[in-house]
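For reference, the structure is listed below as structure tokens.
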Amino acid sequence: MKNLETSSMEEPEKTGMIDTWLDKHSSIYTAATRHAFVVSIRDGSVDLSSFRTWLGQDYLFVRGFVPFVANVLIRAGKESGESSDMEVVLGGLASLYDEIEWFKREGSKWNVDFSTIVPQKANQEYRRFLEALMSSEVKYAVIMTAFWAIEAVYQESFAHCLEDGNKTPAELTGACHRWGNDGFKQYCLSVKNIAERCLENASSEVLAEAENVLVRVLEHEVAFWEMSRGGN
């Protein structure tokens with residue numbers, strides 16, 4: 001889901017509806033990007049069995065995320081009116097092959113047999129949510145807002161584990177760099193700018209739907225972290 005190591009030109013960060021919504025829903029955004037599971041990685045107190053749970057469940061999630069991103073790519077090609085949209089999304093889709101291979105290597109390293117992993121409730125519900133977003137009735141601005149939020153939570157979370165003062169265990173720094181690197185940050189900003197451009201001319205109904213979807217993504221992310229720590 002989320003690794004673009006290649007460097008890219010800095011893009012000026014824009015403020016818009018997404019930033020307004022993040023301010024409005026700051027508590028759930030903080031819960032998603034500074035969850036206790038993430039904080040435990042940063043401070044070195046993480047239960048490695050929780051990390052193994054996350055690894056197995058996120059591998060399954062990524063395999064379900066591929067069709068979602070492919071759908072976003074199709075929508076970008078048909079509906080955006082901007083050829084650059086398709087190029088941005090295509091870069092994200094292309095990175096998913098490397099991501100799946102990374103999970104396989106990590107699974108071997110941590111003795112996690114993905115063939116025996118069953119998706120837990122939070123994982124199942126998140127993937128069903130993604131499947132619903134793939135409906136042609138969901139507006140392009142809405143699906144792009146969701147796409148940004150899914151990617152941005154991991155970028156914000158794992159970048160936090162690399163900030164000054166971290167005590168992230170050495171064996172987990174690879175995971176943190178995978179999503180916390182500057183290349184992925186710039187990719188997320190590119191996706192955000194696409195979403196913001198689409199939201200600028202959206203109707204009040206579409207804006208309300210996009211805001212609701214943004215919040216729901218954050219709720220699913222929190223539930224996923226909780227699941228990794230032994231919740232549902």
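The model shown is predicted, which means the values in this text are computed figures rather than measured ones.
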_Between CE on residue M227 and CG on residue N123, distance to nearest 0.5 Å_ = 5.0 Å
_Parallel, tilted or perpendicular: ring planes of Y154 versus W179, cut at 30 and 60 degrees_ = perpendicular
_Residue that, paired with S49, satisfies side chain to side chain contact (heavy atoms under 4.5 Å, CB included) out of T53, D47, V46_ = D47
*Is it true that a side-chain atom of S108 and a backbone atom of R105 form a donor plus acceptor pair closer than 3.5 Å?*
no
_Can a donor-acceptor pair be found, under 3.5 Å and without considering hydrogens, that links the side chain of W225 to the backbone of A32?_
yes
*State whether the side chain of N181 and the backbone N or O of H177 hold a donor-acceptor pair below 3.5 Å, judged by distance alone.*
yes
*Backbone N/O of L22 and side chain of S26: donor-acceptor pair under 3.5 Å*: no
_Test: side-chain hydrogen bond (donor to acceptor under 3.5 Å, both in side chains). Region: residues 130-149. Which pairs qualify, not counting sequence neighbours?_
D85-Y140
_R52 side-chain N/O to V112 backbone N/O, donor-acceptor pair under 3.5 Å_ = no
*Can you run down the ring-ring contact (aromatic ring centres under 6.0 Å, His included) pairs that involve residues 118-139, sequence neighbours left out, and say none if there aren't any?*
F61-Y126, Y126-H220, F129-H220
*For the pair E101 and K104, find out whether any cationic side-chain nitrogen is under 4.0 Å from an anionic carboxylate oxygen.*
yes
*asked:* Strictly by salt bridge (Lys or Arg N to Asp or Glu O under 4.0 Å), give each pair with a member in residues 205-214 just once, sequence neighbours left out.
replied: K24-E211
_Residues D98, R178: salt bridge by 4.0 Å N-O rule_ = no
*Checking Q57 side chain against Q120 main chain: does a donor-acceptor pair fall under 3.5 Å?*
yes
_NZ-CG distance between K78 and L73, expressed to the nearest 0.5 angstrom_ = 11.0 Å
*asked:* Any side-chain to backbone donor/acceptor pair from T173 onto A170? Under 3.5 Å, distance only.
replied: yes
_Greater than 12 external heavy atoms within 6.0 Å of M86's CE_ = no
*Counting only N and O atoms by type, is there a donor-acceptor contact under 3.5 Å from the side chain of N166 to the main-chain atoms of E163?*
yes
*Can R216 and E219 be counted as an ion pair, charged N to O under 4.0 angstrom?*
no
